[in-house]
Amino acid sequence: MTAPLDPAYDPRGLETSLYRQWEAQGAFQPSGRGDPYVIAMPPPNVTAHLHMGHGLNHAIQDALIRCARMRGRDTLWLPGTDHAGIATQNVVERQLAAEGTSRFDLGREAFEARVRAYVGATEATILGQLRAVGASADWTRTYFTLEDRMSRAVREVFVRLHEKGLIYRGKYIINWCPRCLTALSNEEAEKEEVRGSIWRLRYPLADGSGFLVVATTRPETMLGDTGVAVHPEDERYAAMVGREVRLPLTGRVVPVVADAAIDREFGTGVVKMTPAHDPLDFEIAGRHGLPALDILTPEARLTDDVPEPFRGLDRFAARTAVIAALEAEGLVEKVEPHTHAVGHCYRCHTIVEPRLSDQWFVRMAPLAAPALQAHRSGRLRFVPARRGDEYAQWMEGIRDWCISRQLWWGHRIPVFYCENPECGRPNVSRTDLTHCPSCQGPVRQDEDVLDTWFSSWLVPFSGLGWPDSTPDLARYYPGHVLVTAPEILFFWVARMVMAGLEFMGDLPFTTVYLHGTVRDTQHRKMSKSLGNGIDPLDVVDQYGADALRFTVLSGTAVGTDLILDPGDLEASFAAGRNFANKLWNLGRFLLGHLDGPVRPLAGSDPAVIRRDELRLADRWIIARCDEMVREVTVAFDRFRLNDAAAAVYRFVWSDLADWYIEQIKPRLHGDLPGGDVARAVATRTFDVALRLLHPVMPFITETLWTRLPGHPPGASIIRAPWPCPDERALDSEAQEHFRLVQEAVGAIRAIRAEYGVQPGQQVRAVIASSHPRSRDVLSREQDTIRRLARVSELQVGPDAPEAGGAGTAVLSDGSAILVPLGDLIDLKRECARLRSEIERIEELVARQEQKLGNTAFVTRAPADVVTREREKLASWQEQVSVLRDKRERLACPD
RNA sequence: GGGCGGUUAGCUCAGUUGGUUAGAGCGCUACGUUGACAUCGUAGAGGUCACAAGUUCGAAUCUUGUACCGCCCACCA
């Protein structure tokens, strides 16, 4: 016997204890049986506090996993990445800065130890946070044990790519973050519009015969200019090509070259060449043999290669100083405001500096070709589909991937340089080397580490034990679904596809579901720096994890963003909490009325409920329940979790609670016979609703479901079977008839409200219908109508006796409802009410007659559409005539 | 600059292949301590589906254009 439910629903203690219970039962462990369903997850970065995006992401994934599990599939939740990388390093560096020291004071080894300790200490916190938002805990734990596996896979991949000639090292212009002191990939340098200026500077010709005017947004880089370029077909400057200019401030004499990459239209058509600090300039300089002069330190200060007054200046201070100096010489022709996109470090938001340096790259074009093909052939599907177009566009224009980072925390690049000056070979190795394989000389490992995503792109197989061939790998690769945020489509998703195809020969997953971004009411992305975030843990604390999940899942249709108001949690999350409360009370009520054994609805048990024992309401709710099963199942198949949540919500609240439970109360209380049938139907349909809702609201559904009768002890809803649609439950007649009862109750209630009848007061009602079937249904259900509409005496007949002071309404089948209210009825008011109702329906009739009078419509529209429209017209016409009749009987003056 | 999406009730959003009297939740109004639930119940107000033209028997839904909002990509210095 389970303990009785508390009157008030308090989700808190419940969630923790359920998680413990589920874990003890191994509920999240893959069973090894059944068809596997693998989903990949990006974990939160260990350094960052959980944000709402994680809440949304985990809720979706956990819901899909739970649904798949109930549908008999073995599930695996594959963790996403490890802790290597810039974010973790940043946190520890901030801590060090607060302590007045730095990684450079500490040294590399001590720093690594420090980060490791930090990660270890944070694990428990992160696990707790993940559980709080609903991540299936066992798999989040795996995430922390993954790093050793990953480093092997990373090396293996590095070596293989190198052997295939797809990894190379070279001097290139890369994005450099002067604060993090590391290179960034193109994806990590986020372009943002910045308002700046464009300066036109005069560069005197070396022979003193005039000026060339260059346009630049970064005048400070002119100190590193090694040339000037124009378009080869630009007539204005044709005579200048091959001549020289004397670079102001430095006095350096540099050549004028012609290159087709120059845009004649922009600026003056003359571009200063700074090969060391601009990607395009670097490219052009290469073609013309211009040297690259690096004038910036890693911290983006001017080096000693510039004239004395500018040395050591920060790049922005240098800009001011250079402009001032040029102005003093009268060399600034013009300044105009100018907006352009500038790269920012995606972690610390510092403006990125293009910098010439030695870095490792992966040649991507060969990897992109099959990945593009997978999408074109339709094997790789994106939800929503338009994301696939973005993917394809990126793949088509793919550029080489800069994978080296000048960080101290991450997977070290597995290259060992021989220190023997006569050998000096770089050795790429799967294992740590102590000697040079060629000359046995001492070796030194490359100082740099790999981009975090260089380990992450391998997760779908490295997490399963690759490069070993493990049983897990055989069973769970390839996987099925990747659920993630669109922000990391290129960082992660596209690269996982490429790695899967390259190293496993198959896609890592076949569906990529990209959910929306969590934004505030001004549609700004929630972020720590803006301070517009919502902490999911606060929400869990105040409203419960179920409320959080229900809200985020029902708020995000496929491909749309989730808008939440950080200033008003109540507005966002009350709906979820209220629904949980509704479920709780529904459960409490039902359990309170289950005093005997509950008879089964189907099966071979002799106590099974016979069809002829079912009343109209029973048949109706069973049919509605079946409809819900179909809707929710389809919704899950199509990743439309909002539809799934809404379908159960509607069933539970509007059908089960508002109508069915209200209808069966007399039977449950023993005032009418058939209590056992009502109990069975209510219990069964509630059971189905709980199971369908479990993926969305796991805690409350488990709590209620385990208390419902008929489940073996120790059973968990996680392993309960997903409800199946049942042809026998379909019952359009019951649906139609019950709708009529609902309409009748609604009509009487509306009349009561219209005339201000006190809710407690009973009234008399008359139903007049020319349809024998309607009369039959309504009189058989008169108990229901009387109770729910508070009617003391209900007459149903073919015609109504004269009733002067009565409120009147008409149902969709043309049945008239009269509520005699004597003096309460104001005749004029009732006449006006009827007239406006008549006018309203007459308008519909007119429109419908026009439609049906149109021969084009009748001949061209499908037959079933025409039939339906004819039926509608007939129904409205009947309603109008009934209402007219009532007006006549009232002898309305107008 | 190229590509893509959005614009439906005061707010946040649904609306599956064109065929309903265009829906939900919150908010709002009126009434209500009916023995599951005031985290509730009943009734109600509120929308020319951004604008314009077109296709069609029929358009919130398809086409084109306009306006605004947003996203992705991009080496015009």
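The sequence lines fix the lettering, A, B, ..., with proteins before strands; numbering per chain opens at 1. The figures that follow rest on heavy atoms only: side chains count, while hydrogens, waters and symmetry mates do not.
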Asker: Using a strict 4.0 Å threshold on nitrogen-to-oxygen distance, state whether A/Arg315 and A/Glu220 make a salt bridge.
Answerer: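 A salt bridge is absent here (no side-chain N lies under 4.0 Å from a carboxylate O).
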Asker: Under 4.0 Å, counting only non-hydrogen atoms across every strand here, what does A/Lys872 touch: a base, just sugar-phosphate, or nothing?
Answerer: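 Counting heavy atoms under 4.0 Å across all strands, the contact made by A/Lys872 is with sugar-phosphate only.
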Asker: Using a cutoff of under 3.5 Å, can you pull out all pairs of nitrogen or oxygen atoms linking the protein to nucleotides 1-7 of chain B, with atom names and distances?
Answerer:
none

Asker: Give me the atom names and distance for the closest heavy-atom approach of A/Leu326 to A/Val332.
Answerer: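 Closest approach of A/Leu326 to A/Val332, heavy atoms only: CB-CG2, 3.7 Å.
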Asker: Could you identify the nucleotide paired to B/C28, looking across every strand shown and requiring Watson-Crick or G-U wobble geometry with both distances under 3.5 Å?
Answerer: B/G44
Asker: Hey, does the side chain of A/Arg399 come within less than 4.0 Å of B/A74's phosphate (OP1/OP2), counting only N and O?
Answerer: yes
Asker: Taking CD from A/Glu754 and C1' from B/U29, how many angstroms apart are they, rounded to a whole number?
Answerer: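 Atom-to-atom, A/Glu754 to B/U29, this comes out as 14 Å.
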Asker: Expressed in angstrom and rounded to an integer, what is the separation of A/Gln663 atom CD from B/U34 atom P?
Answerer: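 After rounding, the gap between these two atoms is 21 Å.
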Asker: Rounded to the Å, how far apart are A/Glu487 CD and B/G70 P?
Answerer: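 Those two atoms, CD and P, are 16 Å apart.
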Asker: Please examine the side chains of A/Ile661 and A/Leu590, heavy atoms only from C-beta on, and report whether any two atoms are closer than 4.5 Å.
Answerer: yes
Asker: Measure the distance from CG on A/Leu704 to P on B/C37 and round it to the nearest whole Å.
Answerer: 15 Å
Asker: State, without any angle test, whether A/Ser875 and A/Gln879 hold a side-chain donor-acceptor pair at a distance under 3.5 Å.
Answerer: yes
Asker: Measure from NZ or CZ of A/Arg868 to the centre of the six-membered ring of A/Trp876 and say whether it is under 6.0 Å with the direction within 45° of the ring axis.
Answerer: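 No; the conditions do not both hold, so A/Arg868 does not lie above the ring face of A/Trp876.
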Asker: How is A/Phe490 classified with respect to the nucleic acid when contacts are heavy atoms under 4.0 Å: base, sugar-phosphate, or nothing?
Answerer: sugar-phosphate
Asker: When the ring centroid of A/Phe550 is compared with that of A/Tyr649, is the distance short of 6.0 Å?
Answerer: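 Centroid distance A/Phe550-A/Tyr649: below 6.0 Å, so yes.
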Asker: Write out a two-atom table: protein N or O, nucleotide N or O from nucleotides 12-16 of chain B, distance below 3.5 Å.
Answerer:
from	atom 1	to	atom 2	distance (Å)
B/A14	OP1	A/Thr560	OG1	3.3
B/G15	OP1	A/Arg640	NH2	2.5
B/U16	O2'	A/Arg638	NH2	3.4

Asker: How is A/Arg519 classified with respect to the nucleic acid when contacts are heavy atoms under 4.0 Å: base, sugar-phosphate, or nothing?
Answerer: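 Sugar-phosphate only.
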Asker: Which part of the nucleic acid does A/Pro486 contact within heavy-atom distance under 4.0 Å: base, sugar-phosphate only, or nothing?
Answerer: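 No contact.
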Asker: Is A/His277 near enough to B/A77 that one of its side-chain N or O atoms lies under 4.0 angstrom from OP1 or OP2?
Answerer: no
Asker: Write down the distance between CZ (A/Arg787) and C1' (B/U34), rounded to a whole number of angstrom.
Answerer: 10 Å
Asker: Is A/Glu662 touching bases, backbone alone, or none of the nucleic acid, heavy atoms closer than 4.0 Å?
Answerer: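 Base, at least one base atom sits under 4.0 Å.
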Asker: If you count every heavy atom of other residues, nucleotides or ligands that lies below 6.0 Å from A/Arg264 atom CZ, does the total exceed 12?
Answerer: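 Above 12, so yes.
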Asker: Would you mind classifying the nucleic acid contact of A/Arg577 as base, sugar-phosphate or nothing, using non-hydrogen atoms under 4.0 angstrom?
Answerer: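 Base contact.
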Asker: For A/Ile262, answer base if it contacts any base atom (sugar-phosphate contacts may also be present), sugar-phosphate if it contacts only those atoms, and nothing otherwise; contact means non-hydrogen atoms under 4.0 Å.
Answerer: base
Asker: Would you indicate whether A/Gln850, at its atom CD, is surrounded by more than 12 heavy atoms from other residues, nucleotides or ligands within a distance under 6.0 Å?
Answerer: no
Asker: How would you label the contact of A/Phe282 with the nucleic acid (heavy atoms, under 4.0 Å): base, sugar-phosphate, or nothing?
Answerer: nothing
Asker: Remember a base hit wins even if backbone is also touched, and classify A/Ala575 as base, sugar-phosphate or nothing at under 4.0 Å, heavy atoms.
Answerer: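 It contacts sugar-phosphate atoms only.
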Asker: Is it the case that the side chains of A/His231 and A/Asp259 hold a donor-acceptor pair, with the cut-off being a distance below 3.5 Å and no angle test?
Answerer: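 The criterion, which ignores hydrogens and geometry beyond distance, is not satisfied for A/His231 and A/Asp259.
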Asker: Quick check on B/G41: is either OP1 or OP2 less than 4.0 Å from any side-chain nitrogen or oxygen of A/Lys582?
Answerer: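 Answer yes for this pair, as a side-chain N or O of A/Lys582 is under 4.0 Å from OP1 or OP2.
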Asker: Compute both the distance and the angle, then confirm whether A/Lys665 meets the cation-pi test with A/Phe589: under 6.0 Å from the six-membered ring centre, within 45 degrees of the axis.
Answerer: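 Because its charged atom sits under 6.0 Å from the ring centre and within 45° of the axis, A/Lys665 does stack over A/Phe589.
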Asker: Would you mind classifying the nucleic acid contact of A/Trp653 as base, sugar-phosphate or nothing, using non-hydrogen atoms under 4.0 angstrom?
Answerer: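 Since only primed, P, OP1 and OP2 atoms lie under 4.0 Å of A/Trp653, the category is sugar-phosphate.
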Asker: Measure from CG on A/Leu788 to P on B/G32 and round the result to the nearest Å.
Answerer: 21 Å
Asker: Which part of the nucleic acid, if any, lies within reach of A/His338 when heavy atoms closer than 4.0 Å are counted: base, sugar-phosphate only, or nothing?
Answerer: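 The residue A/His338 makes sugar-phosphate contact but no base contact.
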Asker: Strictly by Watson-Crick or wobble contacts shorter than 3.5 Å, is anything paired with B/A59, and which nucleotide is it?
Answerer: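 Result: none.
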Asker: Looking at B/G35, I'd like to know if its phosphate oxygens (OP1 or OP2) sit under 4.0 Å from a side-chain N or O belonging to A/Lys665.
Answerer: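 Checking B/G35 against A/Lys665, no side-chain N or O comes under 4.0 Å of OP1 or OP2.
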Asker: Output the rounded distance in Å from CZ (A/Arg847) to P (B/G19).
Answerer: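 The answer, rounded to whole Å, is 16 Å.
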Asker: Could you note down all residue pairs passing salt bridge (charged side-chain N to carboxylate O under 4.0 Å, His left out) where residues 268-281 of chain A supplies at least one of them, sequence neighbours left out?
Answerer: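 Pairs touching residues 268-281 of chain A that pass the test: A/Asp225-A/Lys272.
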Asker: How close or far is atom C1' of B/U39 from atom CG of A/Asn578, stated in whole angstroms?
Answerer: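 Atom-to-atom, A/Asn578 to B/U39, this comes out as 4 Å.
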Asker: So A/Asp281, base contact, sugar-phosphate only, or nothing? Heavy-atom distance under 4.0 Å.
Answerer: nothing
Asker: Which of these passes side chain to side chain donor-acceptor pair (under 3.5 Å) with A/Gln877: A/Lys872, A/Gln848, A/Glu849?
Answerer: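 Only one option passes, and that is A/Glu849.
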Asker: Could you tell me the Watson-Crick or G-U partner of B/U66, where both distances fall under 3.5 Å? Say none if there is no partner.
Answerer: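 B/U66 is paired, partner B/A50.
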Asker: Between B/G5 and B/A77, how far apart are the two C1' atoms, rounded to whole Å?
Answerer: 32 Å
